[in-house]
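As the structure lists them, so they are numbered: ligands from 1, and atoms in each ligand from 1.
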Amino acid sequence: MKNYIDGQWVDSSNGKTIDKLNPSTGELLDKFPASTTDDVDRAIDAAEASYEAWYALGSVERGRIIRETGDRIKAARKELEEILIRECGKVKVQAAEEVDGVLDQVYYYSEFARKITGDIVEGTTSHRKIFQYKIPHGVVIALTPWNFPAAMVARKLAPALLTGNSVVLKPSSDTPLTAEWIVRKFVEAGIPRGVLNLITGKGSEIGDYIVSHKKVGLVTMTGSTETGQRIIQNTAKNMAKTILELGGKAPFIIWKDAYLENAARALIWAKFWNAGQSCIAAERVYVHSDVKKKFMDIFLKMTSEIRVGDPTTSVMGPLINRGAVETMESFMSKARQEKLNIVAGGKIPDMSGPLKNGFFFEPTVIDNVPQESPLFQEEIFGPIVGIHEVSDKETMFRLANDSRYGLASYLFTSDMNLVYEASERIRFGEIYVNMPGPEASQGYHTGFRMTGQAGEGSKYGIEEYLKIKNVYVDYSGNKLRIGTVPGF
Ligand code: NAP
């Protein structure tokens with residue numbers, strides 16, 4: 001694959017590449033450019049040079065190009081699904097679901113083309129007005145993760161471009177091919193030269209340089225909290241605005257009056273969707289003592305039915321890379337040290353044929369996990385879930401809120417009073433009541449505490465890509481009287 005800089009598909013300036021492996025087989029899938037700081041400079045220069053004309057084009061025409069991109073993605077969607085399966089190990093149905101999500105984002109944001117408004121505010125004396133224009137930030141750096149590599153690219157590119165920014169996209173080094181495919185669709189749809197640039201390479205090598213570049217106006221990143229903290233340190237140098245969608249540790253509450261089968265189905269989704277590699281994954285289950293046994297019977301039976309293997313034929317595919325499997329093993333060795341009760345899974349499954357070198361891990365359930373265990377404090381980001389029994393409401397609220405992260409949370413109950421109370425007391429950016437996720441384009445996806453800053457989706461997400469410029473106008477034509485300067 002290649003970088004896309006200033007309207008050209010190019011290799012990195014020193015010709016170096018990085019290997020991308022297929023997570024199902026461990027085999028080489030492709031090589032992608034190991035970009036240099038020279039490549040970064042050229043991409044950012046191109047974005048800056050093209051930005052004024054792109055903004056001047058107007059939002060309706062920009063929206064048309066974004067919609068056209070959506071049409072092209074739709075027409076070739078099978079190709080994107082196959083890349084997601086090969087590159088990311090997505091199972092078939094989830095690859096298709098992710099492409100649905102991409103189209104939803106692209107069309108949703110394109111609809112804002114005629115909805116960008118500013119304000120006209122009365123001046124402090126007559127015949128004066130203040131025009132408050134919403135304008136783009138200029139050059140946007142979009143840094144995306146590997147777990148939803150297509151949806152996250154779409155969720156950043158569509159609003160950034162619609163609002164008139166130019167973009168340099170640096171995707172995760174685990175999923176460069178998905179990003180390249182989507183950028184090609186923007187190019188086919190007629191995105192002008194320089195407005196959208198793609199560079200690949202290790203964030204640990206070029207990330208600091210990109211985000212602190214003096215020509216950058218906004219950095220939007222979805223990824224880990226540690227990377228987000230580093231970006232904030234680096235953007236102190238250029239004062240670029242940041243949109244940071246970071247880690248999660250969702251509590252999943254099953255109250256005594258919950259519809260248990262629905263709760264179990266939703267938990268299967270919330271934990272094993274994408275093999276648990278989701279920022280809104282349920283990572284801490286709090287189940288009421290009155291229904292715990294019944295719930296566990298249903299949930300463990302469902303868990304035992306999850307087939308792990310080839311993503312084209314299974315319910316759960318591989319993890320993204322070998323490092324992710326090692327992380328699961330490390331959580332399990334801590335669980336064993338703590339002598340926790342592993343009631344399902346817990347190890348690398350036996351695979352045969354081409355899958356034997358793939359990055360698989362069993363769906364795993366651990367019972368009676370203490371609140372202070374690393375399993376309940378650190379983001380697992382894989383198919384391991386811990387269960388904790390609760391019997392009173394105050395303890396439930398206290399434990400659910402006890403996390404450095406604050407993205408998603410789940411509550412299953414038929415008690416509407418509890419729903420209203422939880423809406424106020426659960427301190428997370430999203431609460432899913434009696435339903436699974438994921439977030440919708442028209443919702444504002446935002447996290448509290450160490451989950452980051454700002455958010456994406458909805459009119460509030462669009463506004464993140466705009467800043468306000470104030471123009472003060474006197475239209476009286478009268479001689480100016482400036483009382484504070486004597487004689488004038
Ligand atoms: P990550 O390692 O933090 O990487 C995210 C992106 O940042 C990648 O493109 C990465 O490039 C780049 N990067 C790495 N170091 C950088 C640096 N110093 N400066 C600038 N960019 C740098 O995260 P990940 O492993 O891809 O994704 C998993 C994490 O994302 C989890 O914590 C998950 O919870 C979170 N997530 C959050 C949301 C949300 O909406 N809140 C959604 C999805 C995922 P390289 O790949 O080259 O290192």
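Looking at Thr175, Val211, Thr227, Thr225, it is Thr227 that brings a heavy atom closest to atom 2 (O) of ligand 1. Considering only non-hydrogen atoms, atom 27 (O) of ligand 1 lies nearest to Pro145 out of Ala142, Pro145, Ser172. Counting heavy atoms only, Cys279 comes closest to atom 39 (C) of ligand 1 of the residues Ser278, Gly247, Cys279, Ala281.
At the shortest separation from atom 37 (C) of ligand 1 among protein heavy atoms lies Leu246 O, 3.0 Å. Residue, atom and distance of the protein heavy atom nearest to atom 48 (O) of ligand 1 are Gly203 N, 3.6 Å. Scanning all protein heavy atoms for the shortest distance to atom 5 (C) of ligand 1 gives Thr222 O, 3.5 Å.
Numbered from 1 in the order shown, with element, the atoms of ligand 1 that lie under 4.0 Å from a heavy atom of Ser173 read 45 (P), 46 (O), 47 (O). Against a heavy-atom cut-off of under 4.0 Å, Thr144 is close to the following atoms of ligand 1: 6 (C), 8 (C), 9 (O). For ligand 1, the atoms lying closer than 4.0 Å to a non-hydrogen atom of Gly201 are 47 (O).
At a heavy-atom distance under 4.0 Å, only side-chain atoms of Asn147, from C-beta outward, approach ligand 1. Within the 4.0 Å heavy-atom criterion, the part of His445 lying near ligand 1 is the side chain and not the backbone. Within the 4.0 Å heavy-atom criterion, the part of Arg230 lying near ligand 1 is the side chain and not the backbone. With a 4.0 Å cut-off on non-hydrogen atoms, Glu379 touches ligand 1 through its side chain and not its backbone. Residue-level proximity to ligand 1 for Phe148 is absent, since no heavy atom of it falls below 4.0 angstrom. Of all the heavy atoms of Pro171, the ones lying under 4.0 Å from any atom of ligand 1 belong exclusively to the backbone. In Glu283, neither the side chain nor the backbone holds a heavy atom less than 4.0 Å from any atom of ligand 1.
With Trp181 as the aromatic partner, Lys185 meets the cation-pi criteria of under 6.0 angstrom to the ring centre and within 45 degrees of the ring axis.
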Note to self: I'd like to know whether Met435 forms a side chain to side chain contact (heavy atoms under 4.5 Å, CB included) with Phe412, so could you lay out the CA-CA distance, the side-chain angles of the two residues, the decisive distance to 0.1 Å, and finally the verdict.
What the structure shows: CA-CA 8 Å; Met435 60 179 283; Phe412 279 76; 5.5 Å; no
